[in-house]
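Comments concern the structure below.
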Amino acid sequence: MMKFKSPPVNSLSLEFLTEFSISLEKLENDRACRGVIITSAVPKIFSSGLDITEMCGKNVEHYAEFWRAVQELWLRLYGSNMVTVAAVNGSSPAGGCLVALSCDYRIMAENPKFSIGLNEAQLGIVAPFWFKDTFVNVVGHRVAERSLQLGSLHPAPEAHKLGLVDELVPEEKLMEKAAAVMAQWLALPDHARQLTKTMMRKAVLDRLVAHREEDIKNFITFVSKESIQKSLRMYMEMLKKRKS
């Protein structure tokens with residue numbers, strides 16, 4: 001069990017991403033560990049996604065380091081040999097949604113106030129191709145295209161209907177259900193399941209590996225634009241106002 005605990009909203013800062021990747025690597029190297037359930041220790045939020053402060057008003061070196069850490073986390077999680085179950089016990093926009101999408105199975109708390117989706121377009125930014133690929137692999141091309149263009153956040157019942165999450169359960173049953181799903185997946189021989197997972201996911205993983213430096217450059221160019229910096233600053237102001 002891995003619990004996100006980075007209040008107030010489990011945003012994916014450089015430090016958080018680095019720790020997450022290291023923890024995954026340790027579990028991956030532990031022969032006794034065959035699966036991991038990922039959930040949040042912060043009420044009402046799974047993860048709010050990438051930390052906007054890491055993308056605002058920093059230098060090029062920082063942007064490169066941050067983006068490499070985002071890539072690293074996805075490559076590790078999406079390509080993991082372990083069974084990965086996301087127990088989504090709160091809202092999960094943008095990068096938080098990517099974390100859930102990268103797991104083998106998603107269970108979400110049956111609460112219409114909780115939503116999930118890749119809502120980058122709402123902030124005036126674009127979900128990278130590997131976010132898009134992961135999304136398409138889960139919900140299919142048409143749903144992904146519409147959802148990405150509109151930057152939709154889907155309430156839990158809708159997310160289930162679209163196949164974005166596999167199951168909805170009452171909040172108090174979430175961990176029990178996650179454990180039951182994990183047991184079901186672990187009942188299979190590891191090698192057959194792992195080879196099947198690799199076969200299904202390899203093309204998407206390889207695509208980022210092949211274009212990793214180019215993807216970092218694209219991110220830096222994009223995030224350094226004054227128009228993008230301006231919309232990120234406005235978004236941060238809006239969040240501050242919401243808090244106060």
Side-chain angles (χ1 to χ4, degrees), residues 2 4 6 9-29 36 38 46-82 84 86 92-104 106 116-121 123-139 144 147-148 151 164 194 197-225 228-229 232:
M2 215 176 191
F4 294 155
S6 181
V9 290
N10 292 335
S11 55
L12 305 172
S13 62
L14 180 55
E15 186 187 8
F16 187 102
L17 289 162
T18 308
E19 270 187 45
F20 192 1
S21 287
I22 290 168
S23 303
L24 275 176
E25 188 179 14
K26 280 184 185 154
L27 293 175
E28 201 82 53
N29 292 335
V36 62
I38 296 173
F46 180 69
S47 165
S48 67
L50 302 183
D51 189 338
I52 303 273
T53 59
E54 300 279 14
M55 301 188 264
C56 211
K58 302 280 199 292
N59 62 29
V60 166
E61 288 72 24
H62 184 87
Y63 295 147
E65 190 186 3
F66 175 64
W67 199 246
R68 191 177 293 280
V70 180
Q71 293 176 333
E72 187 60 38
L73 172 63
W74 177 76
L75 290 167
R76 278 203 180 284
L77 187 56
Y78 198 61
S80 174
N81 268 326
M82 297 182 287
T84 52
S92 195
C97 177
L98 181 75
V99 170
L101 286 170
S102 302
C103 292
D104 296 314
R106 283 159 291 288
I116 183 168
L118 294 177
N119 62 322
E120 281 79 355
L123 318 182
I125 53 183
V126 179
F129 71 85
W130 41 285
F131 282 51
K132 179 268 298 175
D133 289 345
T134 313
F135 199 31
V136 168
N137 283 356
V138 171
V139 297
S147 187
L148 284 169
L164 180 49
Q194 287 165 352
K197 181 172 178 174
T198 303
M199 176 174 69
M200 296 301 290
R201 296 188 173 193
K202 191 174 185 305
V204 172
L205 287 158
D206 285 352
R207 199 169 151 207
L208 177 61
V209 173
H211 298 284
R212 206 166 171 182
E213 296 309 316
E214 188 188 330
D215 183 58
I216 292 171
K217 280 196 190 110
N218 287 345
F219 172 73
I220 294 168
T221 306
F222 185 73
V223 87
S224 303
K225 281 183 185 154
I228 299 302
Q229 285 293 310
L232 291 174

With heavy-atom distances below 4.5 Å as the criterion, would you say the side chains of [X] and [Y] are in contact?
X: Leu232; Y: Cys56; value: yes
X: Trp130; Y: Leu75; value: no
X: Trp67; Y: Ile220; value: no
X: Val139; Y: Ser147; value: no
X: Leu208; Y: Phe129; value: yes
X: Leu98; Y: Phe135; value: no
X: Leu50; Y: Phe66; value: yes
X: Val70; Y: Phe219; value: no

Exercise. Hey, is Glu72 close enough to Arg76 for a salt bridge, meaning N to O under 4.0 Å?
Worked result: yes
For this session: Applying side chain to side chain contact (heavy atoms under 4.5 Å, CB included), run through Tyr63 and Ile216 and close with a yes or a no.
Result: CA-CA 8 Å; Tyr63 295 147; Ile216 292 171; over 6 Å; no
Which atom pair, heavy atoms only, marks the closest approach of [X] to [Y]?
X: Leu148; Y: Lys132; result: CD1-CG, 3.6 Å
X: Gln229; Y: Val223; result: NE2-O, 2.7 Å
X: Met2; Y: Leu24; result: CE-N, 3.9 Å
X: Ser48; Y: Pro93; result: O-CG, 3.6 Å
X: Leu118; Y: Ala94; result: CD2-O, 3.3 Å
X: Ser102; Y: Thr84; result: O-OG1, 4.2 Å

For this session: Apply side chain to side chain contact (heavy atoms under 4.5 Å, CB included) to Asn10 and Phe46, showing your working.
Result: CA-CA 7 Å; Asn10 292 335; Phe46 180 69; over 6 Å; no
For this session: Determine yes or no for a side-chain-to-main-chain donor-acceptor pair under 3.5 angstrom, with Lys58 supplying the side chain and Thr53 the backbone.
Result: yes
For this session: Output yes when a side-chain donor or acceptor of Arg212 lies under 3.5 Å from a complementary backbone atom of Arg68, and no otherwise.
Result: yes
Exercise. Going through the distances and angles, do Leu101 and Ile116 end up as a side chain to side chain contact (heavy atoms under 4.5 Å, CB included)?
Worked result: CA-CA 10 Å; Leu101 286 170; Ile116 183 168; over 6 Å; no
Side-chain donor-acceptor distances from residues 11-19 under 3.5 Å, at least two apart:
from  : atom 1 : to    : atom 2 : distance (Å)
Ser13 : OG     : Phe16 : N      : 3.1
Thr18 : OG1    : Leu14 : O      : 2.7

Can you tell me how far apart [atom1] ([X]) and [atom2] ([Y]) are? Round to the nearest 0.5 Å.
X: Gln194; Y: Ser80; atom1: CD; atom2: OG; answer: 8.5 Å
X: Met82; Y: Leu77; atom1: CE; atom2: CG; answer: 8.0 Å
X: Ile52; Y: Met55; atom1: CD1; atom2: CE; answer: 4.5 Å

Exercise. Under the side-chain hydrogen bond (donor to acceptor under 3.5 Å, both in side chains) test, which residues partner Arg207, sequence neighbours left out?
Worked result: Asp133
Exercise. Where do Phe4 and Phe20 land on the side chain to side chain contact (heavy atoms under 4.5 Å, CB included) test, with the steps shown first?
Worked result: CA-CA 9 Å; Phe4 294 155; Phe20 192 1; 3.5 Å; yes
